[in-house]
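Take a look at the structure set out below.
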Amino acid sequence: MRIIVSIKQVPDTDDLRIDPVTNNLVREGVPAVTNPPDLHAIEEAIRLKEKYGGKVIVITMGPPQAEDSLREAIAMGADEAYLITDRAMAGADTWATSYTLFKAIKKIGEADIYLFGRRAVDGETEQVGPQTGRWLGIPSVGYVSKFVDIDLNARRATVIRTTDNEEEEVRVPLPAVFTVLETINEVRQPDILSLIKARTTKIPRLSKDDIQAEQNKIGLAGSPTKVIKVQPPPRTRNPEIYKGNDAAQWIYDKILKSLEEGKQVMESYTKPQPIAKAKGEIWVYIDHFGEEVNRVSLEILSEGRRIADLLDTKLAGVIVGDQVDHIIKDLFNYGVDKVYFARTKGFPFYVNDVYTRGLASLIRKYKPEVIFFPGTRNSRELASTTAIEVSTGLAADCTKFDVDNKGLVYATRPDFGGKELSTIICPNNKPFMITVRGGIFAPIRIPKGEGEVITEEVEDLSTRFEVLRYTKLQKRNILAEADIVVGVGRGIKSPENIKLAEELASLLHGVVGVTKPLADAGWYPKERQIGQTGTSIRPKIYIALGISGAIQHVVGISGARRIVAVNIDPEASIFEHCDYGVVGDLFEVVPDLIKIIKERGVPL
């Protein structure tokens, strides 16, 4: 059995910082590391080799120094490694990257199993794995949490696939691509002898000519999407900082003020004046589990409506599946002018090859300008494979959008844990496909009455995926739904002290969330992590207790209407990103605040 693992070397985001003078990201001297999720792919490959036998081959595309990551993989137990490197490959987006990997795989010899990490932490993309599978013409199974069985005689694998709201047991024929979750294993640490061996292992290098790559499909020149601007996150709040003795009373007054403001702010939509005329329509893909719509789809319909109006075109909801009449009817309450429905009879739930075929057929026939996808796991995977199928660009995890007077759409996303913002365009390929982070926009009801529904029957329903079991995960993202969130950082000092935040949240009818370090340490459930790699939230009030203000956390709370911060460190960066800040000891301020709320209450 041959297993190929594709990895990436990324800048160590913990060492990235903003220059206080130029306000630019400082890249010089920043060490590069193996993309952390990819370490789990290497580990899983080695475990499969240990169980079933075979060979593990690791590949990466990058500059010469990316060889260090390949040597790390050899030290962990990989058998061979190849560095795909050429100046012409620089600047590749995921479309061009996956094409390059595909050509390299054809050169070194194909495999039975291809493993990828779930995401790349520098840009939060989750695209290269499924896109490489599409180039190879083989099944791609995303978000694998467990390998159940590999039957080499029958040439098939059975895995558990875990998405936002469901768990599936899936069987696919080999060869196949699998992207693995970070929860699938614990990464081993190589011993000293393995490290020594890795330093002396010869690692072949492959150029564009070696892999016979087409020049117009690699690097920046071959990438459908282009990054046109990079900048640090702008400052969006005007902090009011308090250092007095009666801090609890001051916070209480600000909470009351914020709640009163919240009552006055109604989620409504004001139609903007168009500034350009688009040829195609704006589409929003509607992610669903049977007849249940994922909330993020409704969130981005409001932004889709704005972009459609700026481009003087129509907004359409796009659904692939079966038995979705209720969803179609309800979409006209959220501002859509029409609905496109690719009926996949007998497939009410997502199956990648069938849904890719259905969506691609709609795109080819009706030629939209832009398609927004919710940043859910199924939608990210579907967008990835469809982008290869229709040969267009895909931007991931975007949070802001604009258009110019020529009708070009600009998509902005946070990179490097939110420490910089990249603005991306797709100038020559249509549609521009974009996944949108959840929690950034709010669903707005814009009733349109009844509208046009265009139904296309998907004739080819063949699939290489055998879904053995569907399980609906009984969980709600209460962070995303809460009006008041109390966030806890390292300043809480111990997991036992989180009960102080829980008491405050309970009195305010809110919920508790934590920063990434606390979630990683197991102090609180992972699903309560707030930030770029956790949940982005839009509460009326966010109360940050003992939180320093790491950029990746700030990105996740940027949608809060009001932010209140308590930190003993007057230099904590959270004070640059809040509305109201108290420089004080949370273990003094919070008990006093709890006492005041118990005595006077809070009008909720």
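Atoms considered below: every heavy atom in the structure, side chains included; atoms not considered: hydrogens, waters and symmetry mates.
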Indicate the atoms forming the closest heavy-atom contact of [X] with [Y], along with that distance.
X    : Y    : value
A111 : R2   : CB-O, 3.4 Å
A104 : I211 : CA-CG2, 3.7 Å
I138 : P175 : CB-O, 3.6 Å
A75  : L195 : CB-CD2, 3.8 Å
E369 : G280 : OE1-N, 3.2 Å
A387 : L394 : CB-CB, 4.1 Å

If you measure from [atom1] on [X] to [atom2] on [Y], what distance do you get to the nearest 0.5 Å?
X    : Y    : atom1 : atom2 : value
D402 : Y410 : CG    : OH    : 8.5 Å
T163 : Y143 : OG1   : OH    : 9.0 Å
L115 : I113 : CG    : CD1   : 6.5 Å
I286 : F341 : CD1   : CZ    : 12.5 Å
K146 : T162 : NZ    : OG1   : 10.5 Å
I363 : I371 : CD1   : CD1   : 3.5 Å

Would you say [X] and [Y] make side-chain contact, with heavy atoms under 4.5 Å?
X    : Y    : answer
Q231 : E420 : no
E110 : I105 : yes
I46  : E50  : yes

Is there any side chain to side chain donor-acceptor pair (under 3.5 Å) pair reaching into residues 86-96, and which pairs are they, with sequence neighbours excluded?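 Non-adjacent pairs meeting side chain to side chain donor-acceptor pair (under 3.5 Å): D93-S223, D93-T225, T94-Q127, T94-Q131.
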
Pair [X]-[Y], side-chain donor/acceptor within less than 3.5 Å:
X    : Y    : value
T376 : N378 : no
N294 : S297 : no
T412 : T423 : yes
T132 : S98  : no

In sequence, state the C-alpha distance, the side-chain angles, and the governing distance for R413 and D415, and then conclude on salt bridge (Lys or Arg N to Asp or Glu O under 4.0 Å). CA-CA 6 Å; R413 75 174 187 211; D415 288 333; 2.7 Å; yes

Does [X] reach the main-chain N or O of [Y] with its side chain, forming a donor-acceptor pair under 3.5 Å?
X    : Y    : value
R155 : D112 : no
T392 : P431 : yes
T100 : A96  : yes
D353 : R464 : yes
T200 : K197 : yes
N35  : I7   : no
T386 : A383 : no
D287 : P374 : no
D520 : P517 : no
N185 : H40  : yes

Using a strict 4.0 Å threshold on nitrogen-to-oxygen distance, state whether [X] and [Y] make a salt bridge.
X    : Y    : value
E67  : R205 : yes
K55  : D79  : no
E281 : K367 : no
R469 : E168 : no
R343 : E456 : no
R171 : D149 : no
R377 : E166 : no

Between V172, T385, V141, which is the residue that forms a side chain to side chain contact (heavy atoms under 4.5 Å, CB included) with N352?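 Of the listed options, the one satisfying the test is T385.
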
Please identify which of these residues, F373, Y350, Y355, meets the side chain to side chain contact (heavy atoms under 4.5 Å, CB included) condition with E381.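 Only match with E381 under side chain to side chain contact (heavy atoms under 4.5 Å, CB included): Y350.
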
How far apart are the C-alpha atoms of I440 and R437, what are their side-chain angles, what is the distance that settles it, and do they pass the side chain to side chain contact (heavy atoms under 4.5 Å, CB included) test? CA-CA 6 Å; I440 300 300; R437 183 184 302 176; 4.0 Å; yes

Could you walk me through whether L408 and F432 pass the side chain to side chain contact (heavy atoms under 4.5 Å, CB included) check? CA-CA 10 Å; L408 201 60; F432 185 9; over 6 Å; no

Tell me whether [X] at atom [atom1] has more than 12 heavy atoms from other residues, nucleotides or ligands lying less than 6.0 Å away.
X    : atom1 : answer
K526 : NZ    : yes
K226 : NZ    : yes
K217 : NZ    : yes

Any chance you could lay out the salt bridge (Lys or Arg N to Asp or Glu O under 4.0 Å) test for E182 and R119, step after step, and finish with the verdict? CA-CA 10 Å; E182 292 90 318; R119 62 190 177 97; 3.2 Å; yes

Quickly, which of E72, E44, E43 forms a salt bridge (charged side-chain N to carboxylate O under 4.0 Å, His left out) with R188? Name it, please.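 Between R188 and the candidates, salt bridge (charged side-chain N to carboxylate O under 4.0 Å, His left out) is satisfied uniquely by E43.
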
Apply side chain to side chain donor-acceptor pair (under 3.5 Å) to residues D209 and S207 and explain how you reach the verdict. CA-CA 5 Å; D209 293 330; S207 68; 4.8 Å; no

Is there a side chain to side chain contact (heavy atoms under 4.5 Å, CB included) between F347 and T463? Walk through the geometry before answering. CA-CA 10 Å; F347 290 88; T463 180; 4.1 Å; yes

Using 30° and 60° as the class boundaries, would you call the ring planes of Y470 and F289 parallel, tilted or perpendicular?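 The arrangement is perpendicular - the two ring planes meet at more than 60°.
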
Holding to ring-ring contact (aromatic ring centres under 6.0 Å, His included), I want the full list of residues that pass it with Y366, two or more places apart in sequence or in another chain.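 Counting only residues at least two positions away or on another chain, Y366 forms a ring-ring contact (aromatic ring centres under 6.0 Å, His included) with Y340.
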
Using salt bridge (Lys or Arg N to Asp or Glu O under 4.0 Å), reason through K345 and D322 one step at a time and then give a plain yes or no. CA-CA 6 Å; K345 192 172 182 180; D322 194 13; over 6 Å; no

